[in-house]
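Take a look at the structure below.
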Amino acid sequence: MKMRLLVPTLLGVSLSSLPLMAQDKMDFGPLPEVKIDKAKAELGKRLFFDKRLSGDALIACSTCHQPESGFSYPAPLAPAYTGSKGFRNVPSLINTSLKEVWFHDGRLGTNLNDVTREMITEDWLMNMDMRLMQERIKQDPIYVAMFKKAGYGEPSNGSVRKAIPEYLKTLSSNASPYDKDQLSAQAEQGLQLFKGKAGCTACHNGPLLTDGKAYNTGVKENLEIFLDPERHETFIAFNMFMGNENYMNLKRDVGAHVQSHKIDGSDMGKFVTPSLRELTHTAPYMHNGVMDSLADVVAFYNQGGGQDSNKDSRLKPLNLTSQEEQALVAFLESLSSKPLTSEQHVWTKNDYQYQPTKNWLKAKN
């Protein structure tokens with residue numbers, strides 16, 4: 001996950017002058033309860049860990065979103081479908097059911113059904129024709145029974161796009177030291193800095209600690225995107241598909257420019273404010289994984305962000321002392337729960353093997 005720390009006084013306001021609604025948002029928890037259909041979520045869990053949902057049956061959703069890494073990926077940049085590599089850091093899926101926009105560039109703001117469809121069908125992600133996926137699932141008697149139990153009837157690609165988001169609702173972090181009011185003295189100091197001197201609440205607010213908006217904070221480019229042919233090929237294909245101009249010559253990740261496409265390019269390099277929950281499990285950080293630790297991230301914003309012609313002009317040095325930086329890190333660490341690696345969240349049965357149905361074109365389900 002990536003962080004954006006903006007100082008309220010640089011935004012022309014003080015904390016005390018913020019509207020009442022904004023002040024209320026500074027109470028970061030608890031997370032709202034989400035109603036979950038257990039049968040649908042259990043089906044979604046099996047689907048999430050099933051490699052047959054990819055075109056070549058070699059990767060599952062969980063290949064990139066690994067439970068032990070906070071349902072993100074423990075490397076700067078993502079893997080991808082066979083023959084390609086990703087060009088961004090993998091975001092955590094914990095609490096993703098509570099978000100209003102998805103992906104680092106915020107290009108989807110509808111629902112998780114649409115997000116699921118994009119992840120499964122994009123050629124550089126899982127490269128699956130959903131008609132083929134549907135037929136694969138229909139031949140698995142376990143799925144046939146689970147779809148029926150979940151109330152979906154016969155397996156279908158539409159039901160897959162409903163079941164996986166239902167499972168994602170179960171990935172909730174609500175037992176962190178912060179949520180349990182068990183902050184250490186150092187973390188408590190960090191909380192006060194977070195709300196005050198560091199001004200992090202200008203962008204990191206609400207239960208998820210994100211305003212869901214995009215900013216340019218001057219994060220440096222990850223040059224591996226341009227030096228690794230497989231990553232660069234994916235980068236070019238993505239930008240071509242998104243309608244970005246001059247995509248063959250781009251030397252930077254344009255970010256939220258895919259939404260606004262401003263002619264003057266002033267929107268390039270903006271990325272959506274991430275949630276700060278579960279950070280201890282999701283290193284490395286930023287949209288391109290260029291920072292290894294939370295200490296690196298805090299130091300980055302303490303110096304006023306990076307160098308970029310489009311950097312938000314409100315970003316200035318925070319003037320935090322070394323002790324204050326450490327306290328802020330301690331608070332950020334207090335926002336993480338235990339890893340979601342139990343059977344409640346992970347499909348542990350090795351039951352994906354089955355005998356294909358003979359004469360399946362003529363067989364009835």
Side-chain angles (χ1 to χ4, degrees), residues 1-5 28 61-80 85-96 99 102-105 168 171-179 183-184 186-187 190-191 193-194 198 200 203-204 208-210 215 217-225 228 231 253 255 271-303 305-306 318 320 322 324-341 345-346:
M1 288 190 176
K2 331 298 178 272
M3 297 171 34
R4 309 284 185 269
L5 307 179
F28 311 131
C61 303
S62 59
T63 301
C64 295
H65 298 281
Q66 299 179 359
E68 60 273 20
S69 296
F71 284 83
S72 65
Y73 192 76
L77 300 174
K85 296 179 182 176
F87 59 92
R88 286 183 183 155
N89 185 254
V90 177
S92 170
L93 293 184
I94 299 177
N95 305 315
T96 195
K99 290 183 177 181
W102 292 271
F103 301 108
H104 293 301
D105 52 24
L168 295 177
L171 305 181
S172 174
S173 60
N174 56 7
S176 68
Y178 174 81
D179 293 310
L183 296 185
S184 66
Q186 186 182 41
L191 171 59
L193 289 165
F194 191 90
C200 310
C203 296
H204 292 285
L208 292 180
L209 293 106
T210 171
Y215 302 95
T217 61
V219 176
K220 68 179 181 180
E221 296 298 320
N222 187 331
L223 296 182
E224 185 181 347
I225 296 170
D228 184 324
R231 295 195 191 281
D253 189 338
F271 294 91
V272 174
T273 304
S275 170
L276 300 185
R277 288 183 173 270
E278 306 307 321
L279 289 172
T280 61
H281 308 304
T282 59
Y285 304 102
M286 311 313 245
H287 66 275
N288 54 11
V290 293
M291 297 187 190
D292 294 329
S293 69
L294 291 176
D296 292 338
V297 176
V298 171
F300 172 78
Y301 285 106
N302 192 29
Q303 70 183 17
L318 303 177
L320 299 175
S322 176
E324 287 174 329
E325 286 190 53
Q326 293 172 22
L328 191 52
V329 170
F331 168 65
L332 295 175
E333 291 174 340
S334 78
L335 297 169
S336 295
S337 310
K338 293 181 180 180
L340 304 181
T341 54
H345 303 102
V346 178

Next on the checklist: Between Leu279 and Glu333, does the side-chain contact (heavy atoms from CB on, under 4.5 Å) criterion hold? Intermediate values first, please.
Outcome noted: CA-CA 7 Å; Leu279 289 172; Glu333 291 174 340; over 6 Å; no
Checklist entry - Under the side-chain contact (heavy atoms from CB on, under 4.5 Å) criterion, do Thr217 and Tyr301 qualify, and how do the steps go? => result CA-CA 8 Å; Thr217 61; Tyr301 285 106; 3.0 Å; yes
Item to check | Verdict with supporting geometry, Val290 and Val219, side-chain contact (heavy atoms from CB on, under 4.5 Å) | outcome: CA-CA 8 Å; Val290 293; Val219 176; 3.7 Å; yes
Next on the checklist: Is there a side-chain contact (heavy atoms from CB on, under 4.5 Å) between Leu77 and Lys85? Walk through the geometry before answering.
Outcome noted: CA-CA 8 Å; Leu77 300 174; Lys85 296 179 182 176; over 6 Å; no
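When side chains are defined from C-beta on, Glu224 does not count as touching Phe87, because their heavy atoms never get closer than 4.5 Å. Between Thr96 and Leu171 the shortest side-chain heavy-atom distance does not fall below 4.5 Å. Between Leu332 and Val298, some side-chain heavy-atom pair lies under the 4.5 Å cut-off. Counting heavy atoms from C-beta on, the side chains of Pro91 and His104 come closer than 4.5 Å. The closest side-chain heavy-atom distance from Tyr178 to Leu276 is not below 4.5 Å. Put simply, the side chain of Leu340 does not reach to within 4.5 Å of the side chain of Pro67, judged on heavy atoms. Between Leu208 and Lys99 there is a side-chain heavy-atom pair separated by less than 4.5 Å. Side-chain contact check for Asn95 versus Arg277: some heavy-atom pair is nearer than 4.5 Å.
Within the 3.5 Å criterion, the main-chain N or O of Leu223 finds no donor-acceptor partner in the side chain of Asp228. Panel note: side chain Arg231, backbone Gly86; a donor-acceptor pair is recorded below 3.5 Å. Asn89 places a side-chain N or O within donor-acceptor distance of the main-chain N or O of Ala75, the cut-off being under 3.5 Å. Between the side chain of Ser92 and the backbone N or O of Ser72 there is no donor-acceptor pair closer than 3.5 Å. The closest donor-acceptor contact from the side chain of Glu221 to the backbone of Asp253 lies under 3.5 Å. His345 places no side-chain N or O within 3.5 Å of a backbone atom of Ser172 that could act as its donor or acceptor partner.
Applying the side chain to side chain donor-acceptor pair (under 3.5 Å) rule to Asn302 yields the partners Glu325; only residues at least two apart in sequence or on another chain are considered. With sequence neighbours excluded, the residues that form a side chain to side chain contact (heavy atoms under 4.5 Å, CB included) with Pro76 are Asn222, Pro284. For Ser69, the side chain to side chain donor-acceptor pair (under 3.5 Å) criterion is met by no residue, not counting sequence neighbours. Residues meeting the side chain to side chain donor-acceptor pair (under 3.5 Å) test with Asp292, sequence neighbours left out: none. For Ala330, the side chain to side chain contact (heavy atoms under 4.5 Å, CB included) partners are Gln186, Ala187, not counting sequence neighbours. Applying the side chain to side chain donor-acceptor pair (under 3.5 Å) rule to Ser336 yields the partners Thr280; only residues at least two apart in sequence or on another chain are considered.
With rounding to the nearest 0.5 angstrom, the CG atom of Leu328 is 9.5 Å from the CG atom of Leu294. To the nearest 0.5 Å, the span separating NE2 on His281 from CD1 on Ile94 amounts to 6.5 Å. Here the straight-line distance linking atom CZ of Phe331 with atom CG of Leu183 works out to 7.0 Å at 0.5 Å rounding. Note: Gln66 CD to Ser62 OG = 8.0 Å, rounded to the nearest 0.5 Å.
Side-chain atoms of Ser173 and Glu278 form a donor-acceptor pair, as typed in the model, at a separation below 3.5 Å.
Minimum interatomic distance between Leu193 and Ala327 (heavy atoms only, all atoms of both residues): CD1-CB, 4.1 Å.
Test Asp179, Leu209, Leu191 against Leu335 for side chain to side chain contact (heavy atoms under 4.5 Å, CB included) and you get one pass: Leu209.
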